[in-house]
Amino acid sequence: MLRVFNTLSRTKEDFQPVVPGKVGMYLCGPTVYKPSHIGHMVGPVIFDTIKRYLTYSGYDVTWVVNITDVDDKLINESNARGIPMSAVAEEMTTDYKNNLAAMGVDTINVFPKATDYIQEIIQFTSDLIEKGFAYESEGDVYYDVAKFSEYGKLSNRTLEQMSGEGGGTADRKRSTFDFALWKSAKPGEPSWDSPWGKGRPGWHIECSVMSCSLLGETFDVHGGGLDLQFPHHENEIAQSEARNGKPMAKYWMHNGLMQASNEVGKVGGRKTREAGSEAKEGDLASQEAGKISKSKGASAFRDLLKKFQPENIRFFLLSSHYRRPIDYSEERLAEVGKGMEGFYRFFKRYEELTGESFYDLTAPKTRADGDAFESSAQWGAFDEFGAHVKGLRARFIEAMDDDFNTAGGIGVLFDFLRALNKFVEDQKLAESPNPAALDALRAGATVFKELAQTLGLFRAPVPEEKAADDALVEPLMQLIIDLRRNAKKNKDFATADEIRDRLKALGVALEDRPGGVCVWSRE
RNA sequence: GGCGUCGUAGCCAAAUGGCUAAGGCAACGGAUUGCAAAUCCGUCAUUUACCGGUUCGAAUCCGGUCGACGCCUCCA
């Protein structure tokens, strides 16, 4: 039974969608005014994994991620750069989507833009005024927080608790905590006609409108970063539930935030900004030293992609539980990358043994198919290995069923890797390939792939950095390896070792395998 | 000040009442190898910040102490 932690109840609940078999999922996406940094990838990678696992579990999932393309920050950026707001939005949306693609996040069904829903937003706002939950004030429209008795239920706070703190002046608002549904336009600002004059939507309203329009008045999963819990999600609930008179979402899921290691506060957090340090913008090294001055802290994600394989980053994000904050550092990323090498080596080994690519294996796409595969697989004389594989699969599913424990699942994947390698060793497959044993290995690798694909991992070969001159290098390497083999035959180990050592210094590794085979690779 | 989270080995990180406290990185033995690399086997937390309590039983629940954070203001 799949269980998920619901912020509303602050407990793990059995997962039962509103409509059996179907899941509607909404994730608050970015405001597209600056290039995304690694923090922006946390939610998408986690919810992509959640969608994969729900799909694996037999659900038909529709996933929506909004793009906020109208907002004060966008207007500022547009003015600063002297280009239209829409141009800023378009550029940053492309950056965002490129980053998602690199991370393997390709399961999002709809990317609605706020500016495509202006009429619906106006209608929604009118409805709230009509129902007495909102009021107009000098061209602005505000939500009247006092009218919504359940205000604060998500973030567990009450208006009484909040009153007494500083806050700004109420100016056009009845209460400091009222928030804008519609903002009147100042001269020169992008605007749309409305019953209250020219203006633009407030920040929270678009999510209520678009989620309702695309997923219905009550949908299953609403996600986002922990920082959005208040006020953003609280306000969404106030808007949607006041208008529709029913719960907005059944399960609210919040992911922990990325923090810079050795750093006070999260990446781009308030404290780091107030620290007022003088680090160079976007400099990862200075960021790790704990000096972030850029308002968004981290450097652009697209720059990080130049230093690390996308899959390395994805693996890193999934290697701790989604609700916990992640400490970011390049050291951590590199350490995770080191751990991943064992998997890649096994895939290579698998290919050498079977003549087939691991990546071409057809793995069961759903849990039910996996159950069927598991019981029909030909373990032959290797039923002990088969039983081991079954146990591993059960452990993996148990971890993922428990609020998407990807860290636990990855732990099982490492155990699985050892089991696979041990089978190859025990059966001496490299020395004497035995068709029946290779079938069992293939079955084991298939189950491994079935599990890994729910995490969105090991879907395609990591692109090798083929240098332009490989057409020459390949035969040259064969020449060197042949000469070294002759040296070894003559017991001239000094020469053989010198060749290996000097190649190593050039960044080329030689590995001797059983049967006198030698393989080389760039490091 | 209000609400909330966290503190597990040298580092990272699972497990939230009950079999031996997963797994990774690092380190150290052994098998294998001409030597390496890779792989496999083994060692690496009598104990979960600290103190006290509840319980037959606690890393897990309760109270306190210390420490690190988040939100309350734009943020994934």
Side-chain angles (χ1 to χ4, degrees), chain A residues 10 12 27-31 33-34 36-47 65 71-73 76 152 155-158 160-168 177 203 223-232 234 254-259 261 264-271 273 295-297 315-316 319-321 323-327 329 331-332 334-342 345-346 348-349 395 399 402 405-415 417-418 420-426 430 488 491-494 496-497 500-501 504 509-514 519 521:
Chain A
R10 293 180 194 260
K12 285 180 193 168
L27 177 71
C28 286
T31 300
Y33 74 108
K34 289 271 190 189
S36 33
H37 64 254
I38 187 168
H40 291 116
M41 294 296 116
V42 177
V45 166
I46 286 162
F47 284 89
V65 177
D71 171 272
D72 290 351
K73 294 193 291 293
N76 293 341
S155 53
N156 189 28
R157 65 188 77 201
T158 62
E160 295 78 64
Q161 279 172 358
M162 291 191 291
S163 62
E165 61 177 82
F177 306 108
W203 173 36
L226 201 55
D227 52 344
L228 294 183
Q229 195 179 98
F230 187 91
H232 185 56
E234 199 70 71
H254 292 98
N255 59 270
L257 303 174
M258 175 77 64
Q259 295 172 205
S261 200
V264 184
K266 67 186 179 186
V267 174
R270 178 171 37 146
K271 289 189 178 167
R273 270 184 286 156
S295 67
K296 272 293 178 187
F315 199 97
F316 166 68
S319 62
S320 64
H321 189 91
R323 278 191 280 121
R324 300 194 61 178
I326 312 172
D327 278 342
S329 77
E331 283 72 19
R332 196 91 303 127
E335 186 182 302
V336 164
K338 195 141 200 176
M340 295 179 77
E341 283 173 15
R345 274 193 293 263
F346 171 76
K348 202 174 235 177
R349 194 177 197 189
R395 276 175 59 205
D402 184 12
N405 184 354
T406 56
I410 283 177
V412 176
L413 252 28
F414 275 104
D415 282 342
L417 173 65
R418 193 181 308 120
L420 256 11
N421 274 322
K422 186 170 167 53
F423 185 72
V424 173
E425 295 286 311
D426 288 351
K488 283 174 65 178
K491 305 277 184 204
D492 180 5
F493 296 121
D497 290 350
R500 190 171 62 199
D501 291 345
K504 178 98 181 167
L510 291 187
E511 288 181 33
D512 292 324
R513 299 282 172 80
V519 297
S521 60

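Predicted model only: the values in this text are computed from it and were never measured. Letters go in sequence order (proteins before strands), and every chain restarts at 1.
We find that CG of Leu226(A) is positioned 16 Å from P of rC74(B), with the value rounded to whole Å. In this structure, CZ of Arg332(A) is placed 15 Å from P of rG24(B), rounded to the nearest angstrom. The CZ atom of Arg323(A) sits 22 Å away from the P atom of rA76(B) (whole-angstrom rounding). In this entry the distance linking NZ of Lys12(A) with P of rG17(B) reads 8 Å, nearest Å. As rounded to whole Å, 16 Å separates atom P of rA37(B) from atom CG of Asn421(A). The distance from atom CZ of Arg395(A) to atom C1' of rA21(B) is 13 Å, rounded to the nearest whole Å. Residue Met340(A) contributes atom CE, which lies 17 Å from atom P of rA13(B) at whole-angstrom precision.
Heavy atoms of Gly225(A) sit under 4.0 angstrom from primed sugar atoms or phosphate atoms, though from no base atom. Here Glu335(A) lies in heavy-atom contact (under 4.0 Å) with a base. Ser155(A) comes within 4.0 angstrom of the backbone, heavy atoms only, and of no base. Within the nucleic acid shown, Leu27(A) has no heavy atom closer than 4.0 Å to any nucleic acid atom. At the heavy-atom level, Phe493(A) lies under 4.0 Å from base atoms of the strands shown. Heavy atoms of Lys488(A) sit under 4.0 angstrom from at least one base atom. Counting non-hydrogen atoms under 4.0 angstrom, Asn156(A) reaches the backbone sugars and phosphates but no base. If you check every strand for non-hydrogen atoms under 4.0 Å, Asn405(A) touches sugar and phosphate atoms only. Residue contacts shown for His321(A) are limited to sugar-phosphate atoms, with no base heavy atom under 4.0 Å away. Using a 4.0 Å heavy-atom distance criterion, Arg418(A) is classed as a sugar-phosphate-only contact. Using a 4.0 Å heavy-atom cutoff across all strands shown, Gly29(A) reaches sugar-phosphate atoms only and no base atom.
Of the C1' atoms belonging to rA9(B) and rA13(B), the separation is 11 Å, rounded to the nearest Å.
With rounding to the nearest 0.5 Å, the separation of CZ in Arg323(A) from NE2 in His254(A) is 12.0 Å.
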Self-check item: 5'-to-3' dot-bracket of RNA chain B (Watson-Crick, G-U; under 3.5 angstrom; crossing pairs as [ ]; | other strand)
Solution: (((((((..(((.....[....))).(((((.......))))).....(((((..]....))))))))))))....
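Distances shorter than 4.0 Å separate none of the side-chain N or O atoms of Arg10(A) from OP1 or OP2 on rU5(B). Taking only side-chain nitrogens and oxygens, Arg345(A) comes nearer than 4.0 Å to OP1 or OP2 of rU39(B).
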